[in-house]
Amino acid sequence: MQKYQLLIGGEWRDPASGEWFETTEPYSGNVWALIPRADRSDADRAVEAAYRAFKNPAWAKLTGTQRGALLRKLAELIEANVELLGSVEQRDNGKLMAEVSGQVRNVAQWFHYYAGLADKIEGVVVAINKADVFNYVKYEPLGVVVAITPWNSPLALTTWKLAPALAAGNTVVIKPSEYTSASLLELGRLALEAGFPAGVVNVVTGFGPEVGEPLVAHPRVTKVAFTGGEVGGRAVNQAAAVGFKKVTLELGGKSPNIVFEDADLEQAIKGAISGVFGASGQTCMAGSRLLLQDTIHDVFLEKLIAAVREARIGDPALMETQIGPIATRAQWEKILRMIEMAKVEGATCVLGGHPLEGPGYGQGQFIAPTIFTDVRNDMRIAQQEVFGPVLCILKFKGQAEAIRIANDVDYGLAAGVWTQNLQRAFECVDQLEAGTVWVNNYRSTSFTTPFGGYKHSGIGREGGTEAIKEYLQAKSVWITTRPNRANPFVLG
Ligand code: NAD
């Protein structure tokens with residue numbers, strides 16, 4: 001049994017509480033590691049360490065090229081530890097090994113990308129409308145950044161924050177989900193090994209109210225980057241506002257995946273499946289509302305059900321498994337509650353709708369892939385995020401109705417469009433209220449392009465050059481080039 005410690009100021013420390021909590025494998029139900037239960041005093045220590053590191057010339061005076069070299073070294077260490085990081089993350093959240101190993105390689109790519117950007121943070125000389133002054137704008141780091149992340153893709157979602165924050169010259173305190181802390185403690189170890197000065201990367205583990213809230217409220221913190229649910233996101237946003245802190249929020253979604261009659265239906269079926277049954281639906285970008293044009297509804301549904309029935313469900317550690325368990329017991333219970341809610345609301349369950357137990361299903365934290373038809377968009381099952389393998393199917397007649405249904409939701413994280421009509425594709429892209437639109441594909445992401453939400457799905461963007469701006473602030477510099485003879489009492 002592995003017993004972890006907190007990473008604060010470059011040192012491994014026991015939590016002030018002297019308490020640890022258990023972390024379990026979703027498939028087997030086995031407790032496999034003990035995670036430190038940090039509290040307010042650990043949060044204070046971590047922020048103070050990060051603040052000292054931010055002021056320390058060993059970090060503050062590094063050039064962008066030198067910061068980039070450290071990020072590159074970390075990327076290389078991640079590449080050398082893909083198996084270890086993948087297996088730790090896979091044990092903790094029960095995600096498919098087939099997906100996790102690819103995701104960890106991708107995490108290394110994110111660090112490579114931001115390593116390259118670290119010495120390309122350029123200011124600008126501004127053409128000022130006044131004589132005898134020179135003005136330029138330089139971009140500076142914000143200071144101490146707190147990164148708070150959920151359980152579904154801990155390494156990836158933390159990297160989306162950590163890589164640009166470090167490239168920009170900030171220092172970071174990471175607060176992982178209480179369900180999946182181990183992989184980020186391992187990442188902290190690699191950051192130390194890469195040579196980041198003490199306190200530049202800190203990891204404190206524990207629960208939202210005990211350590212997350214004190215981190216957000218700490219006066220030395222200048223930015224909070226949060227990925228999680230709407231409730232936590234709102235609480236973090238409100239707490240950060242008290243200290244006028246900058247925030248990035250990556251929240252939930254109820255994303256529409258729209259299939260028109262002229263689509264390549266075989267491809268669209270694959271897209272519908274990966275959209276909502278990939279990662280057992282435990283992704284913010286799940287295409288959980290499938291909008292089918294009425295003319296293809298029946299044939300599409302029949303083929304979709306047939307394809308989903310073939311899914312290999314079971315042990316996520318096996319490379320051939322296609323659908324794994326639900327990551328936490330609480331989430332499993334929530335999904336089942338929402339399935340019952342949909343039935344009560346009048347939706348028709350045409351596939352699944354129940355837990356899976358027995359041989360091959362470990363400790364039984366599985367839910368059968370579930371499809372509902374006869375869904376109205378005003379039902380709660382069509383409006384609220386399930387974060388599980390539950391698909392709602394809605395019918396539409398034409399493009400205008402499809403767009404109206406697609407946008408008629410509080411969220412706006414992502415959307416999919418399946419059509420072979422180029423004009424229709426572009427029109428939908430323009431009309432959809434979503435931070436990402438996929439045309440004839442679903443769930444593609446890359447470090448090179450921004451990701452984030454419209455409406456209740458969040459604030460700010462992660463990925464690409466856009467993300468580094470989220471960790472910088474502009475300073476406008478005025479330099480007099482000739483003595484000023486004007487009246488000092490009147491602003492010129
Ligand atoms: P959650 O909001 O319960 O927890 C996320 C993190 O916030 C955890 O580390 C938790 O301890 C912490 N936290 C909770 N309340 C807090 C508070 N008041 N102050 C400080 N920290 C607090 O989310 P979850 O259940 O772990 O994750 C699932 C949610 O995450 C889903 O709603 C999903 O859509 C969302 N998500 C969004 C994205 C995205 O990029 N938009 C990606 C993945 C997951």
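Atoms within each ligand, like the ligands themselves, are counted from 1 in listed order. Note that the coordinates shown come from a computational prediction; the quantities given were computed from them, not determined experimentally.
Between His456 and Tyr411, the ring planes are perpendicular. Angles over 60° get that label, and only those under 30° would be called parallel. Ring-plane geometry between Trp151 and Phe387 is classed as perpendicular, the angle between the planes exceeding 60 degrees on a 0 to 90 degree scale with a lower cut at 30.
Taking a cutoff of 4.0 Å between a charged side-chain nitrogen and a carboxylate oxygen, Arg45 and Glu48 do not qualify as a salt bridge.
Taking the centre and axis of the six-membered ring of Tyr51, the NZ or CZ atom of Arg220 falls inside the cone set by 45° and 6.0 Å.
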Nitrogen or oxygen contacts under 3.5 Å, ligand 1 side and protein side:
from: ligand 1; atom 1: 2 (O); to: Gly229; atom 2: N; distance (Å): 2.8
from: ligand 1; atom 1: 9 (O); to: Thr149; atom 2: O; distance (Å): 2.9
from: ligand 1; atom 1: 9 (O); to: Lys175; atom 2: NZ; distance (Å): 3.0
from: ligand 1; atom 1: 11 (O); to: Lys175; atom 2: NZ; distance (Å): 2.7
from: ligand 1; atom 1: 11 (O); to: Glu178; atom 2: OE1; distance (Å): 2.7
from: ligand 1; atom 1: 11 (O); to: Gly208; atom 2: N; distance (Å): 3.4
from: ligand 1; atom 1: 23 (O); to: Gly229; atom 2: N; distance (Å): 3.3
from: ligand 1; atom 1: 25 (O); to: Trp151; atom 2: NE1; distance (Å): 3.1
from: ligand 1; atom 1: 26 (O); to: Trp151; atom 2: NE1; distance (Å): 3.2
from: ligand 1; atom 1: 30 (O); to: Gly228; atom 2: O; distance (Å): 3.3
from: ligand 1; atom 1: 32 (O); to: Glu385; atom 2: OE1; distance (Å): 2.6
from: ligand 1; atom 1: 34 (O); to: Glu385; atom 2: OE1; distance (Å): 3.2
from: ligand 1; atom 1: 34 (O); to: Glu385; atom 2: OE2; distance (Å): 2.6
from: ligand 1; atom 1: 41 (N); to: Leu251; atom 2: N; distance (Å): 3.3
from: ligand 1; atom 1: 41 (N); to: Leu251; atom 2: O; distance (Å): 2.6

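When the side chain to side chain donor-acceptor pair (under 3.5 Å) test is applied to Tyr4, the partners found at least two apart in sequence or on another chain are Glu186.
Of the possible donor and acceptor atoms, none in the side chain of Gln103 sits under 3.5 Å from a partner among the backbone N and O of Ser153.
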